[in-house]
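See below for the structure under consideration.
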Amino acid sequence: MLRTVIDRRLICTAFFPFASSSDNTSNDTSKVKGFLGKYRCYFYDEKGYPTKEVQSVLNATCAGSVTGFVLGALYKLKEVPQKFKHENQAVLYENKFVYQSNLQRRIEIVTFKAGFPFAMKTGLFCFLFSSMSSFFYVYRGYKFDILNSTFSGAITGFIFKMNMGIKGLTAGTIVGTILGTFYGSVTKFFLWITGSEMENAYEAGSKLMNIRRDKIKEYAKSMKTNELSELQMMYIKNQEANEALNKEKKE
């Protein structure tokens, strides 16, 4: 009876019911590894780089964040000089350079305060929309359709306005559906005009980033080779110096 009470598994089950045994943990880990191994081809190519669909999501997120940062900053910056002048009209500065320095500091603060939150919102919106769009593109057999963008916009609007109640969810879904349909129609029109496929657009964006990654790898490899050669030369010189010192001591 006493052994049963102090059994490790029983105690772990009592205090940690979701981690009762190491066997379950190992099974869960193996399931996760199996899942990642099975669907790795959808996220990474044979070189270990992100696939063109994943790269398109990253590109859209970065572009949306940068655009949002610039737009948010510009919207607030137009009021900064006049407002700063109005607030400091009674302040006596030593010279105009001090005034310009303070104004420049205010502009920098307003730029980050106004740009960063808007960049987060636009980046999140672009990430959700591009992720859903790429998912439907892969799920439907690597085929681009207006419905992909429509469903992506609806889901994105639903998630983006989730914290605003039923009305917010409904409005976000409707607006997202309209914007997604508009985006899909415009994209489909441009693809039809140019005679290309969405696969070509994804591949073009991925190719640029993969070329950059290859160059970074080549540069890192050359630096490593140079460092190894320099270390070998230093080692040889140290060995020669030690041998010379040993000869002098023997003589």
Side-chain angles (χ1 to χ4, degrees), residues 32 35-36 38-45 47-76 111-165 167-191 196-213 216:
V32 172
F35 176 82
L36 294 177
K38 183 178 180 181
Y39 295 100
R40 180 180 173 81
C41 60
Y42 293 104
F43 298 97
Y44 299 99
D45 57 11
K47 290 185 177 180
Y49 296 156
T51 58
K52 51 185 177 294
E53 293 82 18
V54 175
Q55 188 61 55
S56 68
V57 175
L58 298 176
N59 294 341
T61 304
C62 293
S65 299
V66 173
T67 304
F69 184 86
V70 173
L71 293 176
L74 290 177
Y75 180 75
K76 291 291 184 180
T111 298
F112 282 97
K113 280 188 175 181
F116 188 74
F118 201 67
M120 293 293 292
K121 292 179 181 179
T122 54
L124 178 61
F125 181 84
C126 292
F127 172 76
L128 293 174
F129 181 79
S130 57
S131 298
M132 291 294 106
S133 181
S134 299
F135 170 78
F136 285 119
Y137 173 77
V138 175
Y139 181 77
R140 301 186 67 187
Y142 297 92
K143 179 183 177 182
F144 178 79
D145 195 0
I146 297 177
L147 291 177
N148 296 353
S149 300
T150 302
F151 293 146
S152 302
I155 296 172
T156 302
F158 179 86
I159 296 174
F160 210 69
K161 296 298 182 181
M162 188 180 293
N163 60 337
M164 298 184 67
K167 292 183 178 180
L169 290 176
T170 306
T173 304
I174 293 174
V175 173
T177 302
I178 295 172
L179 293 178
T181 305
F182 177 76
Y183 168 81
S185 303
V186 172
T187 304
K188 192 75 173 179
F189 175 75
F190 278 110
L191 291 176
S196 58
E197 298 291 337
M198 200 65 184
E199 181 83 8
N200 300 331
Y202 284 155
E203 190 173 354
S206 179
K207 189 175 180 180
L208 292 174
M209 298 303 298
N210 288 342
I211 291 173
R212 177 176 175 271
R213 293 188 181 99
I216 291 173

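T122 contributes a side-chain N or O that, together with a main-chain N or O of F118, makes up a donor-acceptor pair within less than 3.5 Å. The backbone N or O of G184 sits nowhere less than 3.5 Å from a side-chain atom of T187 that would complete a donor-acceptor pair. Checking side-chain atoms of N148 against main-chain N and O of K143 turns up a donor-acceptor pair under 3.5 Å.
Atom CG of L191 is separated from atom CZ of F144 by 6.0 Å, given to the nearest 0.5 angstrom. Between the OG atom of S131 and the CG atom of L58 there is a distance of 8.5 Å, given to the nearest 0.5 Å. The CG atom of L179 sits 12.0 Å away from atom CD1 of I174, with the distance rounded to the nearest 0.5 Å. Interatomic distance, OG1 of T156 versus CZ of F127, reported as 10.5 Å (0.5 Å rounding). Note: T177 OG1 to I155 CD1 = 9.5 Å, rounded to the nearest 0.5 Å. Put simply, OG on S133 and OH on Y183 are 5.5 Å apart, with the number rounded to the nearest 0.5 Å.
Ring to ring, F135 and Y139 are close: their centroids are under 6.0 angstrom apart.
When all heavy atoms of G123 and S65 are compared, the pair lying nearest together is CA-OG, 3.3 Å. The shortest non-hydrogen separation linking T61 to S130 is OG1-OG, 4.4 Å.
For F189, there are no ring pair (Phe, Tyr, Trp, His ring centres under 6.0 Å) partners at least two apart in sequence or on another chain.
Among pairs with a residue in residues 144-164, those fulfilling salt bridge (Lys or Arg N to Asp or Glu O under 4.0 Å) read R140-D145, at least two apart in sequence or across chains.
Put simply, the side chain of L169 reaches to within 4.5 Å of the side chain of M162, judged on heavy atoms.
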With a cut-off of 3.5 Å and sequence neighbours excluded, list every side-chain donor-acceptor pair involving residues 66-73.
| from | atom 1 | to | atom 2 | distance (Å) |
| --- | --- | --- | --- | --- |
| T67 | OG1 | A63 | O | 2.7 |

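Between the side chains of T181 and T150, at least one donor N or O sits under 3.5 Å from an acceptor N or O.
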